[in-house]
Peer 1: 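Okay, handing you the structure first.
Proteins come first, then strands; the chains are lettered A, B, ... in the order of their sequence lines, and each starts at number 1. Bear in mind the structure is a predicted one, so any value in this text is a computation, not a measurement.
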There are 4 protein chains.
Amino acid sequence: METTIQASRRERRIAARKSTILYAAGRLFAEKGYHRTTTKDIAEAADVSEGTIYNYFISKDDLLFGIMTELTESGKLGEQLQSSYLEGPREFLLTILQQRYEFLQKNGDMLQAVLSEILVNPELRRRYYEELIIPSQELLEHHLRERIERGQIRLIDPSIAARILLAMLSGLFILQVVGDSVIRSEWETIAQLLTDILFEGVAPG
Amino acid sequence: METTIQASRRERRIAARKSTILYAAGRLFAEKGYHRTTTKDIAEAADVSEGTIYNYFISKDDLLFGIMTELTESGKLGEQLQSSYLEGPREFLLTILQQRYEFLQKNGDMLQAVLSEILVNPELRRRYYEELIIPSQELLEHHLRERIERGQIRLIDPSIAARILLAMLSGLFILQVVGDSVIRSEWETIAQLLTDILFEGVAPG
Amino acid sequence: METTIQASRRERRIAARKSTILYAAGRLFAEKGYHRTTTKDIAEAADVSEGTIYNYFISKDDLLFGIMTELTESGKLGEQLQSSYLEGPREFLLTILQQRYEFLQKNGDMLQAVLSEILVNPELRRRYYEELIIPSQELLEHHLRERIERGQIRLIDPSIAARILLAMLSGLFILQVVGDSVIRSEWETIAQLLTDILFEGVAPG
Amino acid sequence: METTIQASRRERRIAARKSTILYAAGRLFAEKGYHRTTTKDIAEAADVSEGTIYNYFISKDDLLFGIMTELTESGKLGEQLQSSYLEGPREFLLTILQQRYEFLQKNGDMLQAVLSEILVNPELRRRYYEELIIPSQELLEHHLRERIERGQIRLIDPSIAARILLAMLSGLFILQVVGDSVIRSEWETIAQLLTDILFEGVAPG
DNA sequence: GATGAATGAGGGTTCATTCAT
DNA sequence: AATGAATGAACCCTCATTCAT
């Protein structure tokens, strides 16, 4: 029994270490970029030796992919959205916006780090697209279609509309990363106005 | 006079060479990213020696800033927008979307390369924000305010609305870069639907 | 008594494990060379942990010396040669050649691996020379002197002649290792011709 | 004209540098082996920076191949042997032995360095065999066949005999490298006795 | 101004060895 | 005695930058 507990303690320590390294890397990548972060930096930030990194990841690239995976898993548009047709469509949109906001609060750094490389690394980009964008796109599209059928929103192309929505969310993130401080501080207002515009339009009267 | 002509000829030759190098660098940065492009690569692509690059740019980073400047200059939302209040607001939005599309057609690769670094290089980011984002934001905001005053669109916060519009444009670019092929192929449809939604909303009936 | 038996059982187990590790190392060294073989490779091949290797050998180098010793012990020109003066000298030479051939069949790989390091590691070289070359040289020299005294071969310097013989044997090994396939396939013919030449010479008539 | 001279001076300096690096590497490889020699060592020995090595050789391995090539070029059994049928066969053998001796005096270190790796690096081994062993073997074989036809030596299989000769030469080298000091100091005596034995045999009377 | 050989700091990665369990 | 995670020095190699020509 003693042994079992010890073993599991060890196992837990090991699992934790992998995670520690990954988060240290993520933080640094976001801070100064993948290429300007050295394995030495990561080792120091994670408080392990450089060699240890390679007991958990096969290469520096592998860390990036690891971060990718982490994002993928926690970054999907919540499945709960699927069973939320009972909410009105406005509430639905506000919920999505809120979810995104919280996700970015938590994973913004990592997303920023990965996004930088995605723009420039085809393999990473492919994975990002297939594992994050496509599922999100499909989820939204499906949801919109349903809402349209139920007459909760008017007849528009759900595939295009889903893209517009996703672009909106991505764009707000980019703008914020690039330096716009209003987006974060006025998120509530933005979410309200955005919902308002999308549902009512800006046409006068 | 002879001297003057020679000098100006020389100046032109020098300017041309500088440009050649910058474009070669831009092409390569877009292709494989800033960090994966070596000065040797650039020298070969521009058909000069590595040393020569340093006669025109003080560092590799300086090339990036040079590209930034190039983008800044051609990337501003056209000044003609300022004097286009006569157009209806829908036409105005469609014009912007069209302009953006054309700009991205031409400079998308470079923007992609620079954006990757922007996400991760504070100094570059600051310049990008100040030289491109803020002016665009202000232009749009000003324009919206004017339209609102003229009663062409209903009363909304022009500062937030401008951000939403910019986010929209940025987001569509990102989505396309990341792999969505529909955005390019269906640009017309997207522009139409987007305009439609923004003006009329998606609320049924 | 119980204890004694256990101890000896234990000793045997320990000796066996030491041997397992040594052979695993030998096999790998022969396959890809000393420096390209990692302690991890050896541990896997011997089905022990890396740490365990260090319970039996003080360092990776020590494994090489261990293999050296193994070779030294099984590689000596058979002692039986010493009491074989009754055979004719031709038979004697053929016997030596046959012995060498068999030895190389069995230990060629290890010899190859060790030889590679011998050429380049002074300490190993010294041991090889003192433990293998000198004894062989002396054995042969002594044997030749005896034969000469008995009038079975003509009067030649036995020290030099022994060296020539040893060089011959070493050279055939090297040539074979380096890629000559004939040496192995035609060993019988070579042994015959070599004996023939050494005893009768190649002068015509 | 000035320019031409300068250019050629530079070219000469460059060619010399490549050679300097190669010889420094060769010396060190022979001294402590390929794997124990670092590129830093080589740089220091050649009095250049580490980076400079890579302006002339694509990798550390490439240095080894460069040494190989050097040996190949200077290591071939002299072509003059081909037109030396007028000499008696004994003189011919002595000439070969003398040539080998001189070659090893000059290139022994490099040969030793390369040989160590050859034993353990298949690609290097293949090249060594094809570029050095086979040509030597064929040259000797051809020569022996000619001598046999002219009745200068008796009827023996020239292919096998050539191998025996080559083994002899290789073996003497190995023995010397491994620590036998007599071979070098008594080379004359050895050459004489070897010739004597090969032509007259050791059979008594 | 143009060249490209030379530089050397610094990069990612490996691996023999140690030691807590 | 056995384990294997942790270590960190050392490795080979790259590349932005310099400078003599």
Peer 1: Working to the nearest 0.5 Å, report the span between CG of B:D61 and CG of B:L124.
Peer 2: 8.0 Å
Peer 1: Kindly determine whether C:L132 and C:R127 satisfy side chain to side chain contact (heavy atoms under 4.5 Å, CB included), including the steps that lead there.
Peer 2: CA-CA 8 Å; C:L132 213 60; C:R127 279 190 50 189; over 6 Å; no
Peer 1: How long is the line joining CD of B:E44 and P of E:dG4, in whole Å?
Peer 2: 11 Å
Peer 1: Send over the distance from D:I21 CD1 to E:dA5 P, rounded to a whole Å.
Peer 2: 12 Å
Peer 1: So does C:Y23 have more than 12 non-hydrogen atoms from other groups sitting under 6.0 Å from OH?
Peer 2: no
Peer 1: How do A:I53 and C:V48 order along DNA chain F: which one's closest nucleotide is nearer the 5' end?
Peer 2: C:V48
Peer 1: Please give, in whole Å, the distance from E:dT14 P to A:K40 NZ?
Peer 2: 19 Å
Peer 1: Can you tell me the distance, in whole Å, between the NE2 atom of D:H35 and the C1' atom of E:dA16?
Peer 2: 16 Å
Peer 1: CG of C:L64 versus P of E:dA16: gap in Å, rounded?
Peer 2: 13 Å
Peer 1: Taking all non-hydrogen atoms of both residues, which atom of B:L71 and which atom of B:L111 are closest, and how far apart?
Peer 2: CD1-CA, 3.8 Å
Peer 1: Mind running salt bridge (charged side-chain N to carboxylate O under 4.0 Å, His left out) on D:R126 and D:E131 for me, showing each step along the way?
Peer 2: CA-CA 8 Å; D:R126 193 188 54 72; D:E131 294 174 14; over 6 Å; no
Peer 1: Taking for each residue the nucleotide of DNA chain E bearing the nearest heavy atom, is the 5' side occupied by B:R13 or by C:T39?
Peer 2: B:R13
Peer 1: Take atom CG of D:D47 and atom C1' of E:dT7, then tell me their distance rounded to the nearest Å.
Peer 2: 13 Å
Peer 1: Tell me the interatomic distance from C:Y34, atom OH, to E:dT14, atom P, rounded to whole angstroms.
Peer 2: 19 Å
Peer 1: Is the ring pair D:F29/D:Y34 parallel, tilted or perpendicular, if the boundaries are 30 and 60 degrees?
Peer 2: perpendicular
Peer 1: Give each protein N/O atom lying under 3.5 Å from an N/O atom of nucleotides 8-10 of chain F, with the pair distance.
Peer 2:
residue	atom	partner	partner atom	Å
F:dG8	N7	A:G51	N	3.4

Peer 1: Tell me yes or no: between the side chains of A:T38 and A:D41, is some donor less than 3.5 Å from an acceptor?
Peer 2: yes
Peer 1: Between B:T52 and B:S49, is there a side-chain donor-acceptor contact under 3.5 Å, judged purely by atom types and distance?
Peer 2: yes
Peer 1: Using the criterion of both pairing distances under 3.5 Å for Watson-Crick and G-U wobble pairs, give all stems of 3 or more consecutive pairs involving DNA chain E.
Peer 2: E:2-21 with F:2-21
Peer 1: Ion pair present between D:R27 and D:E31, side-chain N to carboxylate O less than 4.0 angstrom?
Peer 2: no
Peer 1: Do NZ/NE/NH1/NH2 and the carboxylate oxygens of D:K18 and D:E70 come within less than 4.0 Å?
Peer 2: no
Peer 1: Within the structure, does a side-chain N or O atom of B:R17 lie under 4.0 Å from either OP1 or OP2 of E:dG1?
Peer 2: no
Peer 1: Heavy-atom contacts under 4.0 Å between residues 54-63 of chain B and DNA chain F, which residues?
Peer 2: B:Y54, B:S59, B:K60
Peer 1: Count the heavy atoms of every other residue, nucleotide or ligand shown that sit under 6.0 Å from CG of B:D47, and state whether that count exceeds 12.
Peer 2: no
Peer 1: Please state how far atom CG in A:L28 lies from atom P in E:dG11, giving the value in whole angstrom units.
Peer 2: 13 Å
